[in-house]
Each structure stands twice: as C-alpha cells, then as structure tokens.
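Heads up, the thing below is written out as structure tokens.
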Amino acid sequence: MVLYTFLCLLVISIALLAFQASNREVCTDAAIVLASQQRAGKSTTFTAGEVITFRADLKGGGVAGVNWDFGDSTASAPGVQVYHAFSKAGVYTVILHRGKCDWRQEVIVINAPPEKAPDAGGDIYPLIEGPEEVFIGRPVTFSNHTPGASSWSWQLLQPNAEVHSGNSVKYTFASPGERILSLIVNGDSSKMVTKRITVFDAAPQRPRNDHFDPIPFPEDPKPVDPNAGAAPVPDKPKTPSVSDDEFKFFLTQVVDKQKSASDFSPYLCDNLNARVLLNDKDTDTFAHFCSRIRGKKRFKIELVNLIKDQNGCVKEIRVRYDRKFLGIF
C-alpha cells in the first residue's frame, strides 16, 4: 500500500509539472528602440514636449499582446510601435509588457533650452549722415552713429580712394560731379551702404555794395474828394421777373401759336436749352418742348414751377399736365 501510494503521488507530481511546463511563457530577448525627429539611435535623453517613437524589437515569439506603460500617469498604449511625448522634465521608466514578460527602459526628459531672442539689429543697416549736395572747395563732414558700432570703414567708390576710419569723415571736393561714398560698420560688408553726393561749382560771390539806398516810405493816401462821388459800378443786366402763373399763361399762348420759344429768351437768360421736367418723370429741353406743344389745343397745363438762379434766370421748368392727353402729347 505504501508503494502504491508513493507511485500515485509521483504520477500526480509529474502531471502537475507537465501542466505548468506547458503553460509557462518563455521571455525571449527584446530591445526597446527610441527615436525622434531630433535624435535617433541609442539616445535616451529627450526634451519635454518632444514626440518620441517607441518600437519593440522582439527577437523571438509573437507580437500579440504588446503593451506600453510610460510611467507618467498617462494611459498605456498597445502596439509594437507607439508615439509618446512627456510634458514635464524628469526620469521615467518605460515598461514594455507582453503577457507575463516585461522589459524596462529608462528615459531622461529635460526642459527645452530657451529660444534665442532674434537679433533686433540684425536687419538694421547703418545710416550715413550728411548732405547730398555740396560745393567745390568747401569741407563737408559725414558721420554715423549706429548703436553698438565699434569700427567704421569709409571710402569713395573711385580709383585709388583712401579708406578712413572713425565714426565721421571729412571731405573737400576739388571738381564738380557725382561721388558715391560707402560705409561698412563692424566689418560686415554684407550691410555696406552708400550715399550719392552731387558736387557743384562754388557759388559766385555777390559783389559788395557799400552804398546803401534806403527804401522810400510809402506815400500817404490822398484824401477822397467828397464831391467826386463813388466810382461808378457797371450795372448788371437785369432779368425780367416772371411768376409761375405768368409763365404758365405764356405757355398756353405757345399752345395757341401766339408765342414761340424765342419769346422766353429774356426769362431764360438766352438759354433755350433749359431743362423741362414733365410730370416729375420725363425731361426735355425748353425749345423742343415748345415745338411739341405748339398748336396742340387739347394739351392742358395744370401747374408750372420755375427754378431760378441767384440772378433770377430760369434754369429749370417743372410742368404738370393732364395725363389723359398724354397720347396726343
């Protein structure tokens, strides 16, 4: 019985070992490969906010069940290759899980270096201070006061011209014409500036006149002769006055062929092309309007309004007529 009991326990133990051996997962060698746009290869140091690529390089076994834990309290990410960015600087332990196996990789995250402030004066070109027009034989000074400048190089763009230093230079030109002055500050020839200078002949000196002729005092105005009277003012031609009703009556005489357009010339100041507004809709010239209504017995004028200028000249006539005679008119 003891022998049988021992044999049974042995069989049970062998079965349990076989079951465990069959369910045991073999953790093969694996590598965690890190890379980013700024850094590639085996670098493990990155900056905060930089997107890092994590790739699982598994030497053997399947890729199912691969999961990543980044150690910064963010959600885990599945997949053989994932992307992640750490928001704060620090040292993080990234764990790659697959089943019961895991692999660890330490990642160092640092703050990004502060961006270099743009050079405020990088695009500022020096300025040559001085006149653009000078005379022969008269010394003239040109200067420059660029902030931060430590060296200056002045030179006229002509053969055998000397180079001068200092923040100012003085020239005396001996002949007329155009000169070009160049300036380079702090040895930066990429920002060389030039200035065109026109040299004129010396201005002729005016002859000295020691004789002084005083300007005579203005004469006192002569008293006005009260008997002479005011100077006559030419009279303006007067425009005869005409009312709206009178003008309407004259137009009815045109209808009856008793008047023509020329008879209205004094009121229109000889402008027979004055505008006529018909029933606040149509327009016509006065001369043509008179020719249209002349002899039209059935044309009935209801209202006439005259528009005059400051001299009393009629500039526009507003006529309202009976619409039922429109076809005849």
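Note that the structure is a prediction, hence the values are computed from the model and not measured.
When all heavy atoms of V140 and P131 are compared, the pair lying nearest together is CG2-CG, 3.2 Å. The shortest non-hydrogen separation linking D201 to P176 is OD1-CG, 3.5 Å. What you find for T239 and P266 is that their closest heavy atoms are CG2-O, 3.5 Å. Nearest approach of S151 to G187, heavy atoms of both residues: OG-N, 3.8 Å. When all heavy atoms are compared, the tightest approach of C290 to V254 is O-CG1, 3.7 Å. Listed here is the closest heavy atom pair of A48 and A89: CB-N, 4.4 Å.
By the criterion of side-chain heavy atoms lying less than 4.5 angstrom apart, applied directly or through intervening Ile, Leu, Val, Met, Phe, Trp or Tyr residues, Y125 is grouped together with V185 in one hydrophobic cluster. When the side chains of ILVMFWY residues are joined at heavy-atom separations under 4.5 Å, either directly or via intervening members, L277 and L251 end up in two distinct hydrophobic clusters. Cluster annotation: I307 and V304 are assigned to distinct hydrophobic clusters (Ile/Leu/Val/Met/Phe/Trp/Tyr, side-chain heavy-atom contacts under 4.5 Å, transitive). Hydrophobic cluster membership is shared by W68 and V80, with clusters built from Ile, Leu, Val, Met, Phe, Trp and Tyr side chains linked at under 4.5 angstrom. Both F250 and Y321 are members of a single hydrophobic cluster when ILVMFWY side chains are connected at heavy-atom separations under 4.5 Å.
At distances below 3.5 Å, at least one donor-acceptor pair connects side-chain atoms of D309 with backbone N or O atoms of N311. At distances below 3.5 Å, not a single donor-acceptor pair connects side-chain atoms of R179 with backbone N or O atoms of F173. S153 places no side-chain N or O within 3.5 Å of a backbone atom of I184 that could act as its donor or acceptor partner. Using modelled atom types, no side-chain atom of N67 and backbone atom of H97 make a donor-acceptor pair closer than 3.5 Å. Proximity of a side-chain donor or acceptor of T252 to a complementary backbone N or O of F249 within less than 3.5 Å is detected. Between the Q155 side chain and the L183 main chain, no donor and acceptor come within less than 3.5 Å of each other.
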Step-by-step side chain to side chain contact (heavy atoms under 4.5 Å, CB included) determination, V66 to L58:
CA-CA 10 Å; V66 176; L58 302 175; 4.2 Å; yes

Test side chain to side chain contact (heavy atoms under 4.5 Å, CB included) on T44 and Q105; report intermediate values, then the result.
CA-CA 9 Å; T44 59; Q105 175 65 58; 3.6 Å; yes

Checking D72 against H84 for the side chain to side chain contact (heavy atoms under 4.5 Å, CB included) test, could you report, in this order, the C-alpha distance in whole Å, the side-chain angles of both residues, the deciding distance, and whether it holds?
CA-CA 11 Å; D72 59 352; H84 186 73; 2.7 Å; yes

Side chain to side chain donor-acceptor pair (under 3.5 Å), that's the test. Do H288 and N273 meet it? Break it down for me.
CA-CA 8 Å; H288 187 248; N273 290 323; over 6 Å; no

Please test F70 against F54 for ring pair (Phe, Tyr, Trp, His ring centres under 6.0 Å), starting from the C-alpha separation and ending with a verdict.
CA-CA 10 Å; F70 301 104; F54 295 87; 5.3 Å; yes

Side chain to side chain donor-acceptor pair (under 3.5 Å) between D245 and S243, worked out
CA-CA 5 Å; D245 292 335; S243 64; 5.5 Å; no

I'd like to know whether I110 forms a side chain to side chain contact (heavy atoms under 4.5 Å, CB included) with T45, so could you lay out the CA-CA distance, the side-chain angles of the two residues, the decisive distance to 0.1 Å, and finally the verdict.
CA-CA 7 Å; I110 60 176; T45 303; 4.2 Å; yes

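To the nearest 0.5 Å, atom CD1 of residue I128 and atom OG of residue S182 are 7.0 Å apart. Q253 CD to K259 NZ: the interatomic distance, rounded to the nearest 0.5 Å, is 5.0 Å. A distance of 11.5 Å separates OG1 in T194 from CG in L156, rounded to the nearest 0.5 Å. Note that CZ of R318 and CG of N305 are 5.0 Å apart. Values are rounded to the nearest 0.5 Å. Note that the CG atom of D102 and the CD1 atom of I95 stand 6.0 Å from one another [nearest 0.5 Å].
Residues D188 and K191 are paired through a salt bridge, judged by an N-O separation under 4.0 Å between the basic side chain and the carboxylate. Here E302 does not pair with R320 in a salt bridge; the nearest charged N to carboxylate O distance is not below 4.0 Å. Looking at E132 and R196, no side-chain N of the basic residue comes within less than 4.0 Å of a carboxylate O on the acidic one, giving no salt bridge. The existence of a salt bridge linking K297 and D256 is confirmed by a sub-4.0 Å separation between a basic side-chain nitrogen and an acidic carboxylate oxygen.
A heavy-atom distance below 4.5 Å is not found between the side chains of F135 and E133. Residues W154 and N167 form no side-chain contact, since every pair of their non-hydrogen atoms from C-beta on lies 4.5 Å or further apart. Two residues are said to be in side-chain contact when any heavy atoms from C-beta on lie closer than 4.5 Å; T47 and E50 meet this criterion. Between V319 and V276, some side-chain heavy-atom pair lies under the 4.5 Å cut-off. In this structure the side chain of S260 reaches within 4.5 angstrom of the side chain of D263, judged on heavy atoms. Contact check for L306 versus I317: side-chain heavy atoms found under the 4.5 Å cut-off. V107 has its side chain within reach of F46: a pair of non-hydrogen atoms, C-beta onward, lies under 4.5 Å apart. In this structure the side chain of H145 reaches within 4.5 angstrom of the side chain of E129, judged on heavy atoms.
Legend: residues meeting salt bridge (charged side-chain N to carboxylate O under 4.0 Å, His left out) with D57, ordered by chain and number and at least two apart, are K59. Not counting sequence neighbours, D270 has no partner by the salt bridge (charged side-chain N to carboxylate O under 4.0 Å, His left out) test. E106 pairs by the salt bridge (charged side-chain N to carboxylate O under 4.0 Å, His left out) definition with nothing, not counting sequence neighbours. Shown here are the ring-ring contact (aromatic ring centres under 6.0 Å, His included) partners of F247, two or more places apart in sequence or in another chain: F264, F286. Applying the ring-ring contact (aromatic ring centres under 6.0 Å, His included) test to H164 and every residue at least two apart in sequence or in another chain returns Y171.
For the residue pair T146 and N144, a side-chain donor N or O sits within less than 3.5 Å of a side-chain acceptor on the partner. Side-chain contact, S150 with N186: a donor N or O sits under 3.5 Å from an acceptor N or O.
Taking the six-membered ring for Trp, F86 and Y92 have ring centres closer than 6.0 Å.
Applying the disulfide (SG to SG under 2.5 Å) test to every pair with at least one member in residues 125-189, sequence neighbours left out, gives no pairs at all.
Under a cut-off of 6.0 angstrom, the local environment of CD in Q158 is crowded, with over 12 non-hydrogen atoms contributed by other residues, nucleotides or ligands. Applying the 6.0 Å contact sphere to NZ of K170 captures no more than 12 heavy atoms from other residues, nucleotides or ligands.
Both the sub-6.0 Å distance and the 45° axial angle are not jointly satisfied by R292 relative to the ring of F289.
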